[in-house]
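Working notes, beginning with the structure itself.
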Amino acid sequence: EAGVTQFPSHSVIEKGQTVTLRCDPISGHDNLYWYRRVMGKEIKFLLHFVKESKQDESGMPNNRFLAERTGGTYSTLKVQPAELEDSGVYFCASSQVGLTYGYTFGSGTRLTVV
Amino acid sequence: DQQVKQNSPSLSVQEGRISILNCDYTNSMFDYFLWYKKYPAEGPTFLISISSIKDKNEDGRFTVFLNKSAKHLSLHIVPSQPGDSAVYFCAASETGANNLFFGTGTRLTVIP
């Protein structure tokens, strides 16, 4: 079974530019999550999709962040315009039945805004 | 405001000895706890979990202990192996929620 795939693995952009991160969950996993880890800090929840619907987006920092999950398959997270404080590692995770066995995380996208 | 805290950023242990990683939480509504292991350039990998109805859960070399009154949990690794060297994250959730609250992680180094 293929794992959770994220790309790009790294992205360096200038402040004010737009970046789109993509996540392909494990096939059949209805639950998809985005998390972010800023350097040295905790991994923080951003949002949760169930299929194509946003179940919980309470962790989204502000309206510069837009997440979509078209057709309930892959998801994108767009940051527009990017600010310096958006730098960090963005993790995507998926699960079939919630938290019972934890999620499966992707390797993350390291975003650096300069 | 951090609800899950791992106060030790790093820990070094000799191979074969016990590693004990600690985690504290502040939210009394948390009733499900997980430990994840993370290698560089990889995502966190689920290791072991415990529900608040238990105070211990064991899986091979890994045991998690939960002290609800103290709002404290710990992960014991016995015996520690060099391949256990990684960053360990504690995470917590409450019933009905699907999001996790993570600590800042503890970097474990097992010295051969």
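Naming convention: chains lettered A, B, ... in sequence-line order (proteins, then strands); numbering from 1 in each chain.
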ask   = Taking C-beta and beyond as the side chain, do A/F45 and B/F102 meet within less than 4.5 Å on heavy atoms?
value = no

query = Side-chain heavy atoms under 4.5 angstrom apart, residues restricted to Ile, Leu, Val, Met, Phe, Trp, Tyr: same cluster for A/M60 and A/Y90?
reply = yes

request  = Under 4.5 Å heavy-atom distance to chain A, tell me which part of B/K38 shows up: side chain, backbone, both or neither.
outcome  = side chain

ask   = Angle class for the A/Y103/B/Y36 ring planes (parallel below 30°, perpendicular above 60°, tilted otherwise)?
value = tilted

is_close_aromatic(A/F105, B/F46), centroid dist under 6.0 Å = no

query = If you measure from CG on B/L100 to NZ on A/K44, what distance do you get to the nearest 0.5 Å?
reply = 14.5 Å

note = Taken to the nearest 0.5 Å, the spacing of A/E42 CD from B/T104 OG1 works out to 7.0 Å

ask   = Within a radius of less than 6.0 Å around OH of A/Y74, do more than 12 heavy atoms belonging to other residues, nucleotides or ligands occur?
value = no

task = Just do the side chain to side chain contact (heavy atoms under 4.5 Å, CB included) check on A/R37 and B/F89 with the steps written out, would you?
result = CA-CA 12 Å; A/R37 187 184 189 208; B/F89 289 94; 3.6 Å; yes

ask   = Cluster question for you: counting only ILVMFWY and a side-chain heavy-atom cut-off of under 4.5 Å, with indirect links fine, are A/V79 and A/V89 together?
value = no

ask   = For A/S107 and B/A41, which heavy atoms make the closest approach, and how far apart are they?
value = CB-O, 3.8 Å

Hydrophobic cluster identity match, A/L47 and A/L111, side-chain contacts under 4.5 Å = yes

key: A/R22 atom CZ, neighbour heavy-atom count above 12 within 6.0 Å   = yes

ask   = In terms of heavy-atom contacts, does NZ of A/K41 have more than 12 from other residues, nucleotides or ligands at under 6.0 Å?
value = no

